[in-house]
S.K.: 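This is the structure, below, for whatever I ask next.
Lettering of chains follows the sequences in order, A, B, ..., and the numbering in each one begins at 1.
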Number of protein chains: 2
Amino acid sequence: MVNQKNSLYLCCCKDIDYMAKSKGTKNLDTSTEEKIIQAASKVFTQKGYVATRTRDIAEEAGINLALLNYYFRSKEKLFQLIMAEKLQLLFSVILPIVNNDDLTLDEKIETLVENYINLLVDNPDLPLFVLGEIKANPEGFKDRLQVRKLLQNSSFVRQLRERKPDVEPVHFIVSLLGMTVFPFIAKQVLFADDNTFKMQMEERKVLIAKWAKIMLET
Amino acid sequence: MVNQKNSLYLCCCKDIDYMAKSKGTKNLDTSTEEKIIQAASKVFTQKGYVATRTRDIAEEAGINLALLNYYFRSKEKLFQLIMAEKLQLLFSVILPIVNNDDLTLDEKIETLVENYINLLVDNPDLPLFVLGEIKANPEGFKDRLQVRKLLQNSSFVRQLRERKPDVEPVHFIVSLLGMTVFPFIAKQVLFADDNTFKMQMEERKVLIAKWAKIMLET
DNA sequence: AAATATTTTAATCAAATGATTAAAATATCA
DNA sequence: TGATATTTTAATCATTTGATTAAAATATTT
């Protein structure tokens, strides 16, 4: 008999140790689960929540549709898991930097741009996916997203206020993020092939850092 | 009997004179059609193609679902009409400026930022909608979107090459667009209420223009 | 090996949704 | 006014899709 409640994925936090599941060292087990997560991650970020069918995910994972619901109970639950993972990925790059008191403002800018472009080159679908889902369901993110609050109290914003007291820090931050993230959002429209894109994103690292710094000088 | 082919909306170009439809001066007629278009424009740009149900559009327009299919034959056709309208809206701001040989580079930057922010303040959903649909169906836009080609031959790019021969114009353009468009894409995440957002977008007009110019000086 | 638990599958269900149809209501014109 | 054309509606269809179920296959344990 099928016992769904038993090995079900009730927690939405990716940080849980997958290997520590049930008793044995059966890694075909976690492998199936991981295969589903990998597939869901790919399809969701590529097509967004509404456009992805659970059948797509199952096919991508090479498993049956029912198995997906057996493991994750619903499309929604699986999505929450993936989204939490992606948000953490985005935050994990920003937060340690903007809160690092040991870095100068210029160092923060350099590190931020470098790390963020690295992240986005590996996950080019991330920005449009996350921002699209937030817009599609703002209430679902109200609690999880206090980016403004987090930035407000950061040493990054403090340093920005010191350097340019006459300009709201948000303007500089939006520009920095815009220059960094926008190419990945408008990739299809503004860039030709994937190789030159990647190359040009490498070029942008130094360009954006340079531009951002002179923006703070005037 | 219903004769669908007759007053059907076969053309996807919004520029056609709606008033010139059929014989009479019945403006309740075109009003219904216009109501559907307005409703479709609102719902599509807000929720995207897959997430909008034709029933949503019908309800928003205050009409019956069947009437929508009577006028526009299918969800897809109606969407094509709206999308063409939105693309034209976006291009109508960019093209006349980047191709205007009478404007200096600095004047182009100022006008571009000013006009684009004005457009986006009135149509804040536009960027995420258009870019999202392009990503969802790149093939459907292959022919319509030759933005790269259009820019390549513009006087804007020529002026950029003259001013800074060592930097690929695309980098500057992406930065300019990023600073301008990104706040509207990340609105939900980075900005508080709608009023301060609009106010800050006004502030950005001068800021972006100033920043863009100094980016070209170094 | 036998018993038990877990994993996987095929078949199916129920709801949502784009589309159609035929008839009723309204307008237009002779 | 009466005939004809156009507009609008309610009811219905067919497909898609998330989810469920029960049984088969596989693994685990005793």
S.K.: For the pair made of CG in B:N69 and C1' in C:dA19, what is the distance, rounded to whole Å?
M.R.: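 It is 5 Å, rounded to the nearest whole Å.
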S.K.: Under 3.5 Å between N/O atoms: give me all the protein pairs with nucleotides 10-16 of chain C, atom names plus distance.
M.R.:
{"unit_1": "C:dA10", "atom_1": "OP2", "unit_2": "A:N64", "atom_2": "ND2", "d": "3.3"}

S.K.: Would you say B:K205 and B:N118 are linked by a side-chain donor-acceptor pair, where the criterion is simply a distance under 3.5 Å?
M.R.: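 There is such a pair (donor and acceptor under 3.5 Å, judged by atom type) between the side chains of B:N118 and B:K205.
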S.K.: A:E203: what forms a side chain to side chain donor-acceptor pair (under 3.5 Å) with it, not counting sequence neighbours?
M.R.: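 Partners of A:E203 by the side chain to side chain donor-acceptor pair (under 3.5 Å) criterion, ordered by chain and then number, come out as B:H171.
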S.K.: Between D:dG18 and A:T54, is there an OP1 or OP2 to side-chain N/O distance shorter than 4.0 Å?
M.R.: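 Yes, A:T54 has a side-chain N/O under 4.0 Å of OP1/OP2 on D:dG18.
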S.K.: Given atom CG of A:L68 and atom P of D:dA19, what is their separation to the nearest angstrom?
M.R.: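 Going from A:L68 (CG) to D:dA19 (P), I get 9 Å.
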S.K.: Tell me the interatomic distance from A:I36, atom CD1, to C:dT7, atom C1', rounded to whole angstroms.
M.R.: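 It is 11 Å, rounded to the nearest whole Å.
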S.K.: Quick one: is D:dG18 close enough that its OP1 or OP2 comes under 4.0 Å of any side-chain N or O from A:S74?
M.R.: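 No, no such contact exists.
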S.K.: Taking the six-membered ring of A:F191, is the NZ or CZ of A:K198 close enough (under 6.0 Å from the centre) and on axis enough (within 45°)?
M.R.: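 So A:K198 doesn't make the cation-pi contact.
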S.K.: What is the distance, to the nearest angstrom, from the CD1 atom on B:I63 to the C1' atom on C:dT26?
M.R.: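 One finds 17 Å between C1' of C:dT26 and CD1 of B:I63, rounded.
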S.K.: Atom CG of A:L67 to atom P of D:dG18: distance rounded to whole Å?
M.R.: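 Those two atoms, CG and P, are 16 Å apart.
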S.K.: Does the Lys NZ or Arg CZ of A:K187 fall within the cation-pi geometry relative to A:F197 - under 6.0 Å from the ring centre and within 45° of the axis?
M.R.: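 Cation-pi check for A:K187 and A:F197: passes.
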S.K.: Give a yes or no on whether a salt bridge exists between B:D101 and B:R158, defined as a side-chain N under 4.0 angstrom from a carboxylate O.
M.R.: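 Yes.
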S.K.: When you measure from the side-chain N and O atoms of A:Y70 to the phosphate of C:dT8, is any distance below 4.0 Å, counting only OP1 and OP2?
M.R.: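 Result: no.
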S.K.: Under a 4.5 Å cut-off applied to non-hydrogen side-chain atoms, are B:L160 and B:I173 in contact?
M.R.: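 Side-chain contact under 4.5 Å: yes.
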